Amino acid sequence: MPVNVLYSTSARATGGRDGHSATLDGAVDVTLATPKELGGAGGPGVNPEQLFATGYAACFLGAMKFVASQGGSAKVPADATVTSTVGIGPRSEGGFGLEIALEVSLPGVDRAAGEELIAKAHQVCPYSNATRNNIDVKLSLA
């Protein structure tokens with residue numbers, strides 16, 4: 001399905017999971033470290049799963065705001081949060097896979113309206129569209 005690209009960015013990594021990664025514009029510049037659970041030293045630095053979790057949480061919150069701005073859905077309160085948990089591990093088919101849980105907090109929003117907003121956001125969020133039918137994403141309303 002073609003995409004009408006309105007924005008793009010580029011990043012370069014060196015050294016793999018124990019290296020360095022930065023966007024070419026310099027806005028993001030991180031040292032990478034493999035967690036002990038994946039056989040690394042667990043030293044200072046971030047890992048790709050942390051970066052993915054951060055991006056997905058922010059993107060999903062943005063998708064909820066977009067859906068709300070289109071009308072017919074609950075408004076997103078200023079203190080709304082999305083907690084994204086990304087897990088990684090070996091797949092039974094070989095290689096490695098991810099699983100994701102998104103926990104949404106919508107203080108003051110009726111439960112049914114909040115669940116409807118989350119479901120609609122999951123249909124428009126680019127991270128949700130990229131993972132659909134490929135990565136198990138569990139949605140919950142806190």
Side-chain angles (χ1 to χ4, degrees), residues 1-109 111 113-142:
M1 180 180 286
V3 175
N4 178 21
V5 175
L6 300 177
Y7 170 78
S8 65
T9 188
S10 298
R12 181 173 293 126
T14 58
R17 286 181 165 270
D18 289 305
H20 178 262
S21 188
T23 55
L24 298 187
D25 65 6
V28 177
D29 191 320
V30 294
T31 298
L32 301 170
T34 303
K36 288 181 182 180
E37 296 86 349
L38 295 178
V46 298
N47 61 64
E49 291 71 37
Q50 290 169 316
L51 296 170
F52 188 75
T54 301
Y56 202 160
C59 191
F60 198 82
L61 188 50
M64 289 192 307
K65 288 181 176 184
F66 173 79
V67 166
S69 77
Q70 301 302 296
S73 292
K75 296 297 178 201
V76 178
D79 56 351
T81 62
V82 175
T83 302
S84 174
T85 302
V86 174
I88 183 173
R91 296 171 3 121
S92 59
E93 301 87 356
F96 291 87
L98 300 173
E99 67 176 26
I100 301 165
L102 300 177
E103 181 181 40
V104 179
S105 174
L106 297 167
V109 174
R111 183 156 202 86
E115 289 174 348
E116 178 184 1
L117 176 64
I118 290 168
K120 287 180 178 178
H122 193 47
Q123 295 306 307
V124 301
C125 175
Y127 278 62
S128 293
N129 287 331
T131 59
R132 187 167 289 110
N133 300 320
N134 185 39
I135 299 174
D136 185 24
V137 178
K138 292 181 176 72
L139 303 170
S140 65
L141 178 59

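Predicted, not measured: the structure shown is a model, and the values here were computed from it. Numbers here are sequence positions counted from 1.
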With heavy-atom distances below 4.5 Å as the criterion, would you say the side chains of V109 and P77 are in contact? yes
S73 to A68 - nearest heavy-atom pair and separation: CB-CA, 4.3 Å
Residues in side chain to side chain contact (heavy atoms under 4.5 Å, CB included) contact with Q50, at least two apart in sequence or another chain: V46, N47
Using a 4.5 Å cut-off on heavy atoms from C-beta on, say whether the side chain of R17 contacts that of P48. yes
Distance-only donor-acceptor pairs under 3.5 Å for side chains of residues 6-15, two or more places apart:
none

Among residues at least two apart in sequence or on other chains, which ones pass salt bridge (Lys or Arg N to Asp or Glu O under 4.0 Å) with D18? none
Could you check if a side-chain atom of L61 sits within less than 4.5 angstrom of a side-chain atom of T81, using non-hydrogen atoms only? no
Does the side chain of K138 reach to within under 4.5 Å of the side chain of D136, using non-hydrogen atoms? yes
Which pairs with one or both residues in residues 62-90 pass ring pair (Phe, Tyr, Trp, His ring centres under 6.0 Å), sequence neighbours excluded? none
Give every residue pair that meets the ring pair (Phe, Tyr, Trp, His ring centres under 6.0 Å) criterion with at least one member in residues 120-141, sequence neighbours excluded. F52-Y127, Y56-Y127
Across all chains, not counting sequence neighbours, the salt bridge (Lys or Arg N to Asp or Glu O under 4.0 Å) partners of R132 are none
Partner residues of A78 under the side chain to side chain contact (heavy atoms under 4.5 Å, CB included) criterion, sequence neighbours left out: none
A63 versus V124, closest heavy-atom pair with distance: CB-CG2, 4.0 Å
May I have all residue pairs that pass ring pair (Phe, Tyr, Trp, His ring centres under 6.0 Å) and include part of residues 8-30, sequence neighbours excluded? none
Decide salt bridge (charged side-chain N to carboxylate O under 4.0 Å, His left out) for E116 and R111; before the verdict, give the C-alpha distance in whole Å, the side-chain angles of both, and the deciding distance to 0.1 Å. CA-CA 9 Å; E116 178 184 1; R111 183 156 202 86; over 6 Å; no
Can you list everything that forms a side-chain hydrogen bond (donor to acceptor under 3.5 Å, both in side chains) with D25? Sequence neighbours excluded, please. T23
Going by the rule side-chain hydrogen bond (donor to acceptor under 3.5 Å, both in side chains), which residues pair with K36 if we only count those two or more places apart in sequence or in a different chain? none
Please output the side-chain donor-acceptor pairs of residues 82-108 that fall under 3.5 Å, not counting sequence neighbours, one pair per line with the distance.
{"residue": "S84", "atom": "OG", "partner": "A53", "partner atom": "O", "Å": "3.4"}
{"residue": "R91", "atom": "NE", "partner": "G94", "partner atom": "O", "Å": "3.1"}

Across all chains, not counting sequence neighbours, the side-chain hydrogen bond (donor to acceptor under 3.5 Å, both in side chains) partners of T131 are none
Let me confirm one number: the CG-NZ distance from L117 to K75, rounded to the nearest 0.5 Å. 10.0 Å
